[in-house]
Amino acid sequence: MNDFYEMIYEVVRHVPKGRVTSYGAIAKYLGSAQSSRLVGWAMNQAHGRKPPVPAHRVVNRLGILSGKHHFGHPKLMEQMLAKEGVKVKKDTVQNFKKVFWDPAIELKL
DNA sequence: CGATTGACGTACG
DNA sequence: TCGTACGCCAATC
């Protein structure tokens, strides 16, 4: 696979439990800040990747589970996040700013 | 090979 | 404050 996707997957895998990140943050970290959609596409391809990519920890910049519909069942993403300690209310991550995990800061390029 | 879409984000009305 | 429009890159039709 292209390193581009691997990088995305790696970043997502580095997201600590109980934390979430955004497509834009990943895109920016990869240097493709304007290509936030690419990150979404990468997530689409994430299915079947090994090791599995915790895509449920990736939300849009508003903290909304925009891609929950791609997890097989819409409620699944919310459940997984809740199980990891992330409060999710109506498809939106509560206290998003606090649980937000920025690769540009944490990974400190 | 051209047109459309997509798990986004920002700008503008 | 909410809704609509546009840009961006890649994959799929």
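So that the names make sense, note that chain A is the first sequence line, chain B the second, and so on, each numbered from 1.
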With a cut-off of 3.5 Å and sequence neighbours excluded, list every side-chain donor-acceptor pair involving residues 16-26 of chain A.
residue, atom, partner, partner atom, Å
A:T21, OG1, A:W101, O, 2.8
A:S22, OG, A:A25, N, 3.1
A:Y23, OH, A:V58, O, 3.4

First locate atom [atom1] of [X], then atom [atom2] of [Y], and finally report the distance between them rounded to the nearest 0.5 Å.
X: A:L65; Y: A:L81; atom1: CG; atom2: CG; value: 5.5 Å
X: A:L38; Y: A:N44; atom1: CG; atom2: CG; value: 12.0 Å
X: A:M80; Y: A:K83; atom1: CE; atom2: NZ; value: 10.0 Å

Write down the protein N/O and nucleotide N/O pairs, taken from nucleotides 3-7 of chain C, whose separation is under 3.5 Å; answer none if there are no such pairs.
residue, atom, partner, partner atom, Å
C:dG7, O6, A:R37, NH1, 3.4
C:dG7, O6, A:R37, NH2, 2.8

*Shortest non-hydrogen contact from A:A27 to A:S36?*
CB-CA, 3.8 Å

*Heavy atoms only: give me the nearest A:A55-A:M77 pair and the separation to one decimal.*
O-CE, 4.0 Å

Indicate yes or no: at least one non-hydrogen side-chain atom of [X] is less than 4.5 angstrom from one of [Y].
X: A:V53; Y: A:I8; answer: no
X: A:P103; Y: A:H14; answer: no
X: A:V12; Y: A:M43; answer: yes

_Restricting to side-chain contact (heavy atoms from CB on, under 4.5 Å), what partner residues turn up for A:R61, sequence neighbours left out?_
none

*Quickly work out the A:L38 CG to C:dA11 C1' distance and round it to whole Å.*
10 Å

For DNA chain B, what residues of [range] have any heavy atom nearer than 4.0 Å?
range: residues 92-101 of chain A; result: none
range: residues 16-26 of chain A; result: A:Y23, A:G24
range: residues 55-76 of chain A; result: A:A55, A:N60, A:R61, A:S66, A:G67, A:H70, A:F71

*Would you mind listing the cluster partners of A:L62? Hydrophobic ones only (ILVMFWY), side-chain contacts under 4.5 Å, chaining allowed.*
A:I64

*Within the distance-only criterion (no hydrogens, no angle test), does the side chain of A:Y9 pair as donor or acceptor with the backbone N or O of A:A42 below 3.5 angstrom?*
yes

Kindly list each side-chain donor-acceptor pair under 3.5 angstrom involving residues 86-97 of chain A, sequence neighbours excluded, with atom names and distances?
residue, atom, partner, partner atom, Å
A:D91, OD1, A:K68, NZ, 3.1
A:D91, OD2, A:K68, NZ, 2.6
A:T92, OG1, A:K90, O, 3.3
A:Q94, NE2, A:T92, O, 3.2

*First and last nucleotide of DNA chain B, 5' to 3', lying under 4.0 Å from heavy atoms of chain A*: B:dG6 to B:dT10

*asked:* Just checking A:H47: does its NE2 atom have more than 12 heavy atoms from other residues, nucleotides or ligands closer to it than 6.0 angstrom?
replied: yes

*Residues forming a side chain to side chain donor-acceptor pair (under 3.5 Å) with A:E84, sequence neighbours excluded*: A:H56, A:R57

